[in-house]
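Working notes for the structure below.
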Amino acid sequence: MRENGGVPEKPSLDGLEQRWARRWEDDGTYRFDRTRTRDEIYSIDTPPPTASGLLHVGHVFSFTHTDLIARYQRMRGREVFYPMGWDDNGLPTERRVQNYYGIRCDPLLPYDPTFEPPAEPPKQQVPVSRRNFIELCLRLAAEDEQAFGEVFRYLGLSVDWNHSYQTVDAGSRAAAQRAFLRNFARGEAYQAEAPTLWDVTFRTAVAQAELEDRERPGAYHLLAFHRGDGGDVQIDTTRPELVAACVAVVAHPDDARYRSLFGSTVRTPVFGVEVPGVAHALAEPEKGTGAAMVCTFGDLTDVTWWRELQLETRAIVGWDGRIAADPPPGLDSAAAVEAYAAIAGATMHTARERMVDLLRTSGELIGEPRPITHPVKFYERGEKPLEIVTTRQWYLRNGGRDPDLRARLVARGRELSWHPAFMRARYENWVEGLNGDWLVSRQRFFGVPFPLWYPLGSDGQPNYDEPILASEAALPVDPSSEAPPGFAEHQRGKPGGFIGDPDVMDTWATSSLTPQIAGGWERDADLFGRVYPMDLRPQAHDIIRTWLFGTVVRADAEFDALPWGNAAISGWILDPDRKKMSKSKGNVVTPMGLLEEHGSDAVRYWSASGRPGTDTAFDVGQMKIGRRLAIKMLNASKFVLGLGAADEPTAVFDPLDRAMLARLADVVQRATLAFDGYDYARALEATETFFWSFCDDHLELVKDRAYGSRGPQAAASARAGLSLALSVQQRLFAPVLPFVTEEVWSWWQEGSIHRARWPSADELRDVAADGNPALLDAVATVLVELRRAKSERKLSMRAELAGAAVRGPRAGLASVAADDLRAAGRIVGPLTFSDNGDALTDLTVDVDVADAGR
RNA sequence: GGGCCUGUAGCUCAGCUGGUCAGAGCACUGGUCUUACAAACCAGGGGUCGGCGGUUCGAGCCCGCCCGGGCCCACCA
C-alpha cells in the first residue's frame, strides 16, 4: 500500500468511462486466460443482440445484469469466459438492408462485383443478386456491430472482445451446418411436404415459435350450402374468399341439427362443388351455426380436419398470397370456372370483396356481413396474416410429435437452475404445448444454407429422398454456388446433374448453437473442453420458447446433456405507464445518450436495482440516485484516504470500530449469498444501506478521534477500521459501479479492483473480534437524538450542547462510545448513561440544550 | 379458457422459511455553509400493506374467493 498521493484535489466522475475502458482494453483486464481448468472457469453464453439497427435501453438493462454476475465471479477468483456475439443472420438484417440501401434480393440475377448501392435509397427498390445482397447485409451488420460494441464498452461490460462471433461468420455457419448434418444422420432432421404456415410478404415458411396473435377486424358471412333434398345448410365464415377451396362441411358428431348431414353431400355456393358432410369432435356447436366449411387451408384446424378425415386438396392460395391463376380440381362447371376467374390472381382482400359480390348476386349470402374483431395469426415480424401453403420443408424433432422426447426435454428443464425459479414454468408450458416439430427451413437469402444438394434424374426432376450431403471437412458450404462432391458446377440444373437446396435455416437454428459456436466446438477442442457446458445462459423471458428451448434441444441431441447449468432470466423495461417499453420509445432515449447524461455507473445502478426476472420501470430517478452514490464513493474515499490509509488490522481495538466491522462482515455475507443466488439487486441493497450509514453516522462519529483528538492509539484504531471498511466497500460495489470503484481503488491500491479478491466475511470477523453490531444501532440512535435536538431548535449541527442523558436498555452499550458521541454531538457538559433495564422501554435521550452555545 | 408473475406511503420499490414488519430512496415540509461531499448534510409529516372471508396465540407474509395490472399459451367457422 502506498501513500494517498493518488487522491485528486477535486474528484469527479467526468471522463471515467473513456479513461478506464481504454485502460482495461490496454491491460487486458478481462482477457480470458485459457490455461485455466474447467473448475476454475465461469463461462457465459452471452445473448447475441440482433444487429439490425439500434440498441435500446432494454439491452443496457439486461446486459448489465450479466456483467454484474461476470464481475462478481471474476472477483471470487473464477476465470470468466465472457464472449460477445452478434445475431446478424436472418430476416431483421435483410429487412433493414432493404430499407437502408433501397434494394431487394432477386436470386435469379447474376452477381455484379462492381455494384454499389445508391447514395439515397430510391423509391423503387433496386433488384440485386443474392451474393450482392448478402455482401450488403454483411457490410451493414459490421457497421451496426461496431456501434453496438462502442456502447457496450462505454457501459463497462467486462467482455473479452477477442472472443467475438457473428451468427453469419464462417465458424457459425460451419457449426450450424455440422449440427444439422449430425441431426440428419441421427434421424432428428427430416423433410416433409406439408401444409405450412406461410408469410406472404416475406414469402417464407415460419415456425410455431414465431407466431403471434393480433386482433383484427373481420366479419361473419352467413352462407347457404345446398343439400340434395333442396334444403340449405347455413354456415358462418370469416373467410368467404376461400369458398373455392372448400372440401367439406363439418359439424360435431353429437350435434343433432346436422345428423342427417353426415354421410351426405352438399354443394358449395357460387361454385356448386359437391363436398361431403363430415363429423369431427373439433367442430364446436356453439360457434357460428355449428357447421363449418373446411378449406385447404384457412387455418390450422382445417389442416387437422383435412389430415384426419382424409379430405381432398383444393388449394387456391399461392406463395405470393394471391389466389392461384387456375381453378383447383373439382371446379369443373363452366359457371364455376367463370366465377373463379373473377377472383383468380387477386389478393386476399380483393378476393374477399369480389367473392362477397358473387355471393350476394347469387343470393347465397344471407343477410349482410356482421363485423367482428377476432385474433388472427401473424408471423411476429410480419405485416399480413399468415396463410397456409403446402410446401416441402425441413424439420427438426423437438418433441412436438414424440411424447418420449418431450418428456426428456421437460426433464432437462428441471436439471437446469432457473433464476428466478418460477421461469421454469414457462419452459414447461411451452414444451408441453408443442403441436409439431421445429420447422427450420426458410425461403430466404441471408442465412445459413442447408449443406446439401439434390440429384436430378434424367427427366430433370430432383430426388429429394436422397440428398447429397456436404462433408464436415468442407464446411461451411454454399450449395447455391458450390458443386457437391462428385459433381462439377456445369452440371447444376442439368438432367443427371444436381441442384442445391435453395433454403436457409431459421435464425434460431443457428443461435440455438451459441454455446457451441462461442466455445469452439469442433474448431478448438482445447477451448471447448474448458468452457463447455457453460455455467450461465442469461436472457429475457420472451425467448424461452425459442432461444433457450432450441439450445436445449440441440445440446440434448448432440451431447445428451444440458448446454449450461444456470439460466438467468431478466425482465423487461416498462414505460412509466406500466406498458412494455416499445422499440420506438426505447429508441427515443438512446442508450449512449443515457450513459452520457447520467454516467454509466448510474445507469448500471438503475439496472442493478431491477430484480432478476422482474419487469422494471424506466426510471431516471434511480439513475440520479446512482450518480449520487458514485459521487459519494468519490468523496468518502477521498476523506478516508485523506486521514491516512492504514493497513493495520491489529490496531483496531475500539469497540465502535469493531462493531462497525462486525456489521460490515454481516453485509459481506449477505451480499455474497445474494450474488451466489444471482440476486445482484439484494446484494446491492445490503451494500448500499450500510454504505450510507457508514458515511452519515460512523464517519461522523470517529472523525474527531481519527484526527487524533484522543491520542495516536485511538486514532490508529479509527483509521485502520476506516481503511479496511473502505477497501471492503469499494470491492462490494465494484460489480455495480465498475468505473468509480476502479477510480478510487487506483488512488491507493495496485492493480485493477476487478481482479481484486471479493471480500471475505470471515476475515473481517477476525479483525472485528468481539465487535457487537448492536452497538452501532445504539450509538446511531443516540446520535439521531442529539441531531434532532438541534434540528428542532433550528440550530447548526456545530452548535454545542450543554449535556445529555441517555436512558434505556442499550444505554450501557452506547456508553462505550461516549467520547465519540460527545465529539460528534459537540457536547461540552455532562453525558450520562443509565441502563433502566426495562425491555419495554426503548432507548431515550434527554438533551440539555439550555446552555448551548452557538 | 389454462399457466405464471404482480397489486405495500404521491412515485420507484425492500420486507428472506408468519412474531419490533409497517420500512428505504425519491418527492414534499422545515432547518444547517458542519474543515470528504450544498449535484451536500440534518430533522419531519405521510400507508386500516387491492377487497372479503379463513387458518393461527399472532398474517403484507399461509389458504379460499373476488377485483385490478402484466406476460405466455389455447381458441380463432
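Quick note on labels: first sequence line is chain A, next is B, and so on, each numbered from 1.
Checking the phosphate oxygens (OP1, OP2) of B:rA36, a side-chain nitrogen or oxygen of A:Tyr707 falls inside 4.0 Å. Residue A:Lys632 has no polar side-chain atom (N or O) positioned under 4.0 Å from OP1 or OP2 of B:rA36. Proximity of A:Arg611 to the phosphate of B:rG15: a side-chain N or O atom is located under 4.0 Å from OP1 or OP2.
In this structure, A:Met293 reaches neither bases nor backbone, as no heavy-atom distance under 4.0 Å exists between it and the strands shown. Using a 4.0 Å heavy-atom cutoff across all strands shown, A:Thr301 reaches sugar-phosphate atoms only and no base atom. Note on A:Cys295: nothing from the nucleic acid sits closer than 4.0 angstrom, heavy atoms only. In this structure, A:Glu792 reaches neither bases nor backbone, as no heavy-atom distance under 4.0 Å exists between it and the strands shown. Residue contacts shown for A:Glu428 are absent, as no nucleic acid heavy atom lies under 4.0 Å away. Heavy atoms of A:Leu282 sit under 4.0 angstrom from at least one base atom. Using a 4.0 Å heavy-atom cutoff across all strands shown, A:Asp302 reaches no nucleic acid atom at all. Backbone-only engagement by A:Val784 is indicated by non-hydrogen atom pairs under 4.0 Å involving sugar-phosphate atoms exclusively.
A glycosidic torsion no more than 90° from 0 defines the syn conformation; B:rG69 lies beyond that range and is anti. B:rG50 adopts an anti glycosidic conformation, its chi angle falling more than 90° from 0.
A:Trp430 places no side-chain N or O within donor-acceptor distance of the main-chain N or O of A:Phe549, the cut-off being under 3.5 Å. A:Lys790 places no side-chain N or O within donor-acceptor distance of the main-chain N or O of A:Glu800, the cut-off being under 3.5 Å. Side-chain atoms of A:Arg826 do not come within 3.5 Å of backbone N or O of A:Ala799 as any donor-acceptor pair. With A:Ser723 contributing its side chain and A:Ala646 its backbone, the two residues share a donor-acceptor pair below 3.5 Å. A donor-acceptor pair is defined here as one N or O able to donate and one able to accept, closer than 3.5 Å; such a pair exists between the side chain of A:Arg314 and the backbone of A:Cys246. No donor-acceptor pair under 3.5 Å is formed between the side chain of A:Ser693 and the backbone N or O of A:Phe691. Under a 3.5 Å cut-off, the side chain of A:His280 and the backbone N or O of A:Leu309 do not form any donor-acceptor pair.
A distance of about 13 Å separates the C1' atoms of B:rC63 and B:rG18, rounded to the whole Å. Taking the P atoms as reference points, B:rA27 lies 27 Å from B:rC49, given to the whole Å. Spacing of C1' atoms, B:rC62 relative to B:rC26, comes out at 33 Å, to the nearest Å. Atom P of B:rG7 sits at a distance of 14 Å from the matching atom of B:rC11, rounded to the whole Å. To the nearest whole angstrom, the two P atoms, one in B:rC61 and one in B:rU29, are 35 Å apart. Comparing B:rG70 with B:rG31, their C1' atoms sit 43 Å apart, to the nearest whole Å. Comparing the P positions of B:rA38 and B:rG51 gives an interatomic distance of 44 Å, to the nearest angstrom. Between B:rC21 and B:rA14, the two C1' atoms lie 11 Å apart (nearest whole Å).
Ring orientation note: the planes of A:His541 and A:Trp572 are tilted relative to one another, at an angle of 30° to 60°.
One finds a salt bridge joining A:Asp777 and A:Arg663 here, because a Lys/Arg side-chain nitrogen approaches an Asp/Glu carboxylate oxygen to under 4.0 Å. Checked for salt-bridge contact, A:Asp601 and A:Arg627 miss the test: no charged N lies under 4.0 Å from a carboxylate O. Remark: A:Asp697 engages A:Arg787 in a salt bridge, criterion side-chain N to carboxylate O under 4.0 Å. One finds no salt bridge joining A:Lys384 and A:Asp199 here, because no Lys/Arg side-chain nitrogen approaches an Asp/Glu carboxylate oxygen to under 4.0 Å.
Contact annotation: side chain of A:Ser791 to base of B:rG30, donor-acceptor pair present below 3.5 Å.
The NE2 atom of A:His419 sits 20 Å away from the P atom of B:rC16 (whole-angstrom rounding). Atom CZ in A:Arg670 sits about 13 Å away from atom P in B:rC16, given to the nearest Å. B:rC72 atom C1' lies 11 Å from atom CG of A:Asp213, rounded to whole Å. Distance CE (A:Met797) to P (B:rU32): 10 Å, rounded to an integer number of Å. At whole-Å resolution of the value, CD in A:Glu432 and P in B:rC72 are 19 Å apart. The CG-C1' distance, from A:Asp14 to B:rA39, rounds to 12 Å in whole Å. Look at NZ on A:Lys10: it is 7 Å from P on B:rC37, rounded to the nearest Å. Put simply, CG on A:Leu629 is 12 Å from P on B:rC26, counting in whole angstrom units.
Residue-to-nucleotide proximity on RNA chain B shows that, of A:Ile372 and A:Leu699, the 5′-proximal contact is made by A:Leu699. Residue A:Ser609 is the one, among A:Ser609 and A:Tyr220, whose nearest nucleotide of RNA chain B lies closer to the 5' end (criterion: closest heavy atom).
For A:Phe675 and A:Tyr680, the ring centers are positioned 6.0 Å apart or more. Aromatic ring centres of A:Trp606 and A:Phe61 lie closer together than 6.0 Å.
Comparing B:rA36, B:rU12, B:rA43 by their nearest atom to the side chain of A:Lys703 picks out B:rA36. Side chain of A:Arg787, nearest nucleotide from B:rC42, B:rU12, B:rG31: B:rC42. Of the candidates B:rA39, B:rA36, B:rC75, the closest approach to any side-chain atom of A:Arg627 belongs to B:rA39.
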N/O donor to acceptor pairs below 3.5 angstrom from side-chain atoms of residues 216-226 of chain A, sequence neighbours left out:
residue, atom, partner, partner atom, Å
A:His221, ND1, A:Ala219, O, 3.0
A:His221, ND1, A:Thr237, O, 3.3
A:His226, ND1, A:Asp232, OD1, 2.9
A:His226, NE2, A:Glu364, OE2, 2.4

Please write out each protein N/O paired with an N/O of nucleotides 1-8 of chain B under 3.5 Å, distance rounded to 0.1 Å.
residue, atom, partner, partner atom, Å
B:rG3, O2', A:Asn429, OD1, 3.0

Quick one: which protein N/O atoms are closer than 3.5 Å to N/O atoms of nucleotides 45-47 of chain B? Pair and distance per line, please.
none

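Using a 3.5 Å distance cut-off with no hydrogens or angles, the side chains of A:Trp748 and A:Gln730 do pair a donor with an acceptor. Residues A:Tyr379 and A:Glu212 have side chains that never bring a donor and an acceptor to within less than 3.5 angstrom of each other.
Identified under the side chain to side chain donor-acceptor pair (under 3.5 Å) test for residues 287-299 of chain A, with sequence neighbours left out: none.
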Item to complete: Whenever both distances are under 3.5 Å in a Watson-Crick or G-U wobble pair, mark it; put RNA chain B into dot-bracket that way, with [ ] for crossing pairs and | when the partner is on another strand.
Response: (((((((..((((.....[...)))).(((((.......))))).....(((((..]....))))))))))))....
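The stretch residues 678-694 of chain A touches RNA chain B through A:Arg682, A:Glu685, A:Trp692, each having a heavy atom within less than 4.0 Å of the strand.
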